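Keep in mind it's a predicted model, so treat the numbers as computed, not measured.
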Amino acid sequence: QVQLVESGGGSVQTGGSLRLSCATSGYRYNRMGWFRQAPGKEREGVSGIDAYGRTSYADSVKGRFTISQDNAKNTVDLQMNSLKPEDTAMYYCAAARFARTWYRATDYNYWGQGTQVTVSS
């Protein structure tokens, strides 16, 4: 059974850092992604990484967030630096057998339960 488990969320002040981690079940996906959803807003793509290690980022997080994967550990991490209050959201890890885009939620087949990130000013 496919399972994605996120960890690493929490509360920080503006300018702080957090590292999110997503443990996968070991299946090698075509693409992994991190999404976030704030109250009253649509789920949005934050970052994605494909099977070749190529990465993509939303403009709002470029230069601040870094996605990485460890195939030996079956994990995909999201290092978040210089956090801002507008980064506050529930963050979800997602996996796709085949994804046309990295940012479209409907392209992903499996989702984690989410981990909350709160950034205070």
Side-chain contact, heavy-atom cut-off 4.5 Å: E6 with Q113?
yes

Side chains of R97 and N30: does their closest heavy-atom pair fall under 4.5 Å?
no

Using the rule that Ile, Leu, Val, Met, Phe, Trp and Tyr join whenever any side-chain heavy atoms are under 4.5 Å apart, tell me whether M80 and V12 fall into a single cluster.
yes

Within a radius of less than 6.0 Å around CD of Q13, do more than 12 heavy atoms belonging to other residues, nucleotides or ligands occur?
no

Looking at OG1 of T55 and CG of D50, how far apart are the two atoms once the value is rounded to the nearest 0.5 Å?
8.5 Å

Crowded around E86 CD? As in, over 12 foreign heavy atoms under 6.0 Å?
yes

Sidechain N-carboxylate O distance under 4.0 Å for R64, D87:
yes

From R36 atom CZ to L20 atom CG, the distance as rounded to the nearest 0.5 Å:
11.0 Å

Please tell me if the side chains of S68 and I49 come closer than 4.5 Å, counting only heavy atoms from C-beta onward.
no

Would you compute the distance between atom CG of L78 and atom SG of C93 and round it to the nearest 0.5 angstrom?
9.5 Å

For D107 and T101, which I'm curious about, is there any donor-acceptor pair between the side chains at under 3.5 Å?
yes

Hydrophobic clusters here meaning ILVMFWY residues chained together by side-chain heavy-atom distances under 4.5 Å, can you tell me if M90 and Y110 are in one?
no

Please examine the side chains of S47 and K62, heavy atoms only from C-beta on, and report whether any two atoms are closer than 4.5 Å.
no

Between G45 and A58 the two heavy atoms that sit nearest each other are O-CB, 3.5 Å

Backbone N/O of S25 and side chain of N74: donor-acceptor pair under 3.5 Å
no

Compute whether any side-chain donor of one residue and acceptor of the other, for Y108 and R31, lie under 3.5 angstrom apart.
no

Has R43 got its NZ or CZ under 6.0 Å from the middle of the six-membered ring of Y92, at an angle within 45 degrees of the ring axis?
yes

Transitive ILVMFWY side-chain link V61 to W102, under 4.5 Å
no

Would you indicate whether the side-chain heavy atoms of S17 and Q79 approach each other to under 4.5 Å?
yes

d(T24 OG1, L4 CG) to nearest 0.5 Å is 7.0 Å

Euclidean distance, T118 OG1 relative to L18 CG, rounded to 0.5 Å
9.5 Å

Side-chain donor-acceptor contact under 3.5 Å, D77 with S21:
yes

State whether the number of non-hydrogen atoms from other residues, nucleotides or ligands found under 6.0 Å of Y103 atom OH is greater than 12.
no

Is the gap between the ring centers of F35 and W111 under 6.0 Å?
yes

Joint hydrophobic cluster, Y91 plus Y29, side-chain heavy atoms closer than 4.5 Å:
yes

How long is the gap from CD1 on I67 to CE on M32, to the nearest 0.5 Å?
8.0 Å

